[in-house]
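Structure first, then comments.
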Protein chains: 2
Amino acid sequence: MSTTNTGVTASMRGHQLPVPVPAGEYARCPVTDLLRGLSDKWTLLLLTLLGQRPYRFNELHRAVEGISQRMLTRTLRTLETDGLVAREVFPTLPPTVEYRLTPLGVSLLEPLSALADWAVGHHAEITAARQRST
Amino acid sequence: MSTTNTGVTASMRGHQLPVPVPAGEYARCPVTDLLRGLSDKWTLLLLTLLGQRPYRFNELHRAVEGISQRMLTRTLRTLETDGLVAREVFPTLPPTVEYRLTPLGVSLLEPLSALADWAVGHHAEITAARQRST
DNA sequence: CAGAATCCGTGGAGATACTG
DNA sequence: CAGTATCTCCACGGATTCTG
């Protein structure tokens, strides 16, 4: 397979990985890149909310208990930069800004749900394993 | 759905999320927890290698260019604590330690591959979106 | 309403050196 | 061979203040 830098995807299906794995290429692996983007404190939750319907800025602020304005802005900007979320400004007074998933963002929800299902389904096993190793 | 703290999974399928999302419960969401565990620098690569076959410690060290002994140990320990990787010590001289995926670890590879496929398949779009917003 | 700008504290990643 | 021990550093996240 030639579409991944490190063969991470391919290897999960039982193909070969170049060993040793080159350090420089692994750093640019798209899979790792995606995981890092999803794993911060608020991204997953915002994706989930926006997966239901569009939201305005302060609407999200109210919907997510505990998030600061700064982190809400920052997280939305990153999602927008990656093309997962679209930001639309309505020239009203006061200004209204709406956020919604792009088609790319919507398409991400499917594989993400599969992983989420696994997490939910096996969370008890992980918790049990953790307590066992205390 | 009652198996997830925040409804993240359920909402991805179009169900309801409790709004506002309680801060304390979201912190313990199994999905976020899993993503965090997968998103560090080496976990994904080690899972991938161990998905092919068992490895000894220094064998992994050689296979992963750029990883330090400390991070290799730490990452493997975390995977072991979570029950994804099994560590087996052979009382030879010098000592031999083998790492392999547990059945739980193997089962994770499937949904993870789906996400990896998405990452590979849409990486060009993400890269394009990023450059567009320069 | 929807942010930008600034400051700050802290956890955890990672390098280096040492060891049974 | 397979680890520990110790250190540094910075980027992630939060609080606060200001604005078109």
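Not measured: the values here are computed from a predicted model.
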Open item on the list: Any base atoms under 4.0 Å from A:T73, or only sugar-phosphate, or nothing? Heavy atoms, all strands.
Closed with: sugar-phosphate

- [ ] Please tell me which of B:P95 and A:P94 maps to the more 5' nucleotide of DNA chain D, matching each residue to the nucleotide holding its nearest heavy atom.
- [x] B:P95

Open item on the list: Under 6.0 Å from the ring centre and within 45 degrees of the ring axis: does the NZ or CZ of A:R53 meet both conditions for the six-membered ring of A:Y55?
Closed with: yes

Open item on the list: Counting the atoms with a prime plus P, OP1 and OP2 as sugar-phosphate, which does A:T92 contact under 4.0 Å by heavy atoms, base, sugar-phosphate, or nothing?
Closed with: nothing

- [ ] Would you kindly give the CD-to-P distance between A:E59 and C:dA2, to the nearest whole Å?
- [x] 9 Å

- [ ] Nearest whole angstrom, please: distance from the P of C:dA2 to the CG of A:L72.
- [x] 10 Å

- [ ] Run through A:T78, A:D82, A:T81 and flag the one making a side chain to side chain donor-acceptor pair (under 3.5 Å) with B:R130.
- [x] A:D82

Task: Closest listed nucleotide, where the reference is the side chain of B:R77 and the choices are C:dG3, D:dT4, D:dA2 - done: D:dT4

TODO: To the nearest Å, give me how far apart CG (B:L46) and C1' (D:dA2) are.
DONE: 15 Å

Task: Shortest non-hydrogen separation from A:L35 to B:S39 and the atoms involved - done: O-CB, 3.6 Å

Task: Beyond-backbone contact of B:Q69 with B:H61, side-chain heavy atoms, under 4.5 angstrom - done: yes

Task: For atom CZ of A:R62 and atom C1' of C:dA2, their distance in whole Å - done: 12 Å

Open item on the list: Rounded to whole Å, how long is the line connecting atom CG of B:L35 with atom P of D:dC12?
Closed with: 16 Å

TODO: Using a cut-off of 6.0 Å, state whether more than 12 heavy atoms not belonging to B:E65 lie near its atom CD.
DONE: yes

Task: Contact under 4.0 Å: A:Y99 side-chain N or O vs C:dG3 OP1/OP2 - done: yes

TODO: Quickly work out the B:L93 CG to D:dG3 C1' distance and round it to whole Å.
DONE: 15 Å

- [ ] Would you kindly give the CZ-to-P distance between A:F57 and D:dG20, to the nearest whole Å?
- [x] 18 Å

Task: Protein-nucleotide distance (A:L76, atom CG; C:dG3, atom P), rounded to Å - done: 8 Å

Interface polar pairs with nucleotides 13-17 of chain D, N/O, under 3.5 angstrom:
from: D:dG13; atom 1: OP1; to: A:K41; atom 2: N; distance (Å): 2.9
from: D:dG13; atom 1: OP1; to: B:R36; atom 2: NH2; distance (Å): 3.4
from: D:dG13; atom 1: N7; to: A:R70; atom 2: NH2; distance (Å): 3.3
from: D:dG14; atom 1: OP1; to: A:K41; atom 2: NZ; distance (Å): 2.4
from: D:dG14; atom 1: OP2; to: A:W42; atom 2: NE1; distance (Å): 3.1
from: D:dG14; atom 1: N7; to: A:R70; atom 2: NE; distance (Å): 3.2
from: D:dG14; atom 1: O6; to: A:R70; atom 2: NE; distance (Å): 2.8

Open item on the list: Treating A:Y99 as the side-chain partner and A:L60 as the backbone partner, does any N or O pair qualify as donor plus acceptor under 3.5 Å?
Closed with: no

Open item on the list: In this structure, would B:V89 and B:F57 fall into the same cluster of hydrophobic residues linked by side-chain contacts under 4.5 Å?
Closed with: yes

